[in-house]
Structure formats: structure tokens, C-alpha cells
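Beneath this line is the structure, given in C-alpha cells, with notes to follow.
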Amino acid sequence: MFNLNENNQFFLSNSPTDMRVGVNAMCGKVRQAGHEPTNGRVYVFVGKTRKVMKLLHWERGGYVMYYKRLETGRLSPRLFPSCQQVGFRQIRWDELVLFIEGISPGARRRKRFQVGENSGEDNIKKKEKGASKVWLTR
């Protein structure tokens, strides 16, 4: 019945969408872009404020629309390319999950601080003398 997983193909709208529209208008936008909404793919629409996301999916019995509204924060601004072109682009399941959780897939991880080279035997000697400085480096 409700079946979204990594086996589905996901297509994200390239431009913000009016979130007041329903299933029929969303199907119209998909057809306008040259796709068929009944082909089993999942079409993802995001509002202009990036706080609301709708997923349109066709299953055997009819259309299913998933709705996600963030209480705090916004979805990543990288959702929309710099050129506001009409159409859809394919995204992976893991990218969609990160977007829904509010994490940008292209975000870099920060390196953890590690005890630097200066902290070897010199720091042990300093600790013995009473100095307890530990140098942290990236």
C-alpha cells in the first residue's frame, strides 16, 4: 500500500511549487514537463519557503501524496539549481532521506580535533612539572 524505498525512482522539481495545489494540479505539472505521473516514479515538489515537501506517487489503486512540513528550519537551498528551469531531475533515495531530515547531501564533515605532534614527550614532561597545556590541531 504505502511503499517508498530505494527501488523507486525519485524526480525532484527544479523550481519551487505552490503547495496549495492538490493531486490533479501536481499531475498537470508532471505532464507539462513531459513525464507520465502513472509510471510508478515518485515526483517530489518543494514549496518556495522550503518548509513544505510533497511527494506524488502512483500505486495500483490510485495516487498517493506524502506531505512533510518542517516545524523548525528549512530544507537545503541546494534543492533548486541556480537556473530556474522547468522540469525534474533525478535524485537518489539516500539524497531524498537527507533532504527530508534537513541535511544537505553536499555538506562537508568537520574534522575532529586531534592531539598534535607537539604534544608527545614534551607535554608529558610539562605535566610532570605542573603545566597541563595540550595543543589541539586540525
Return the NZ to OG distance between K54 and S13, rounded to the nearest 0.5 Å. 13.0 Å
Could you state the interatomic distance from OG1 (T49) to CG (L70), rounded to the nearest 0.5 Å? 9.0 Å
Tell me the closest heavy-atom pair linking R69 and V52, and the distance in Å. CG-CG2, 4.0 Å
Taking all non-hydrogen atoms of both residues into account, name the closest pair between L56 and M26 and its distance. CD2-CB, 3.9 Å
Any idea which heavy atoms bring V46 and M19 closest together, and the distance? C-CE, 3.7 Å
Atom pair CZ (R74) and NZ (K51), whose distance is rounded to the nearest 0.5 Å: 5.5 Å
Roughly how far, to the nearest 0.5 Å, is the CG atom of L12 from the CG atom of L96? 8.5 Å
For residues G87 and A33, report the shortest heavy-atom separation together with the two atoms involved. CA-CB, 4.0 Å
Do you know the tightest heavy-atom contact between H57 and V42? ND1-CG2, 3.1 Å
With rounding to the nearest 0.5 angstrom, report the CZ to OG1 distance, R60 to T38. 15.0 Å
Check whether the ring centres of F88 and F45 lie less than 6.0 Å apart, and answer yes or no. yes
Work out which heavy atom in L4 is nearest to a heavy atom in N8; give both atom names and the distance. CA-OD1, 3.4 Å
Measure up the Y63 and W58 rings against each other and bin them: parallel (under 30°), tilted (30 to 60°), perpendicular (over 60°). perpendicular
With rounding to the nearest 0.5 angstrom, report the CD to OH distance, Q9 to Y43. 8.5 Å
Heavy atoms, side chains only, cut-off 4.5 Å: are L55 and M65 in contact? no
Taking the ring of F11 and the ring of H35, is the distance between their centroids below 6.0 Å? yes
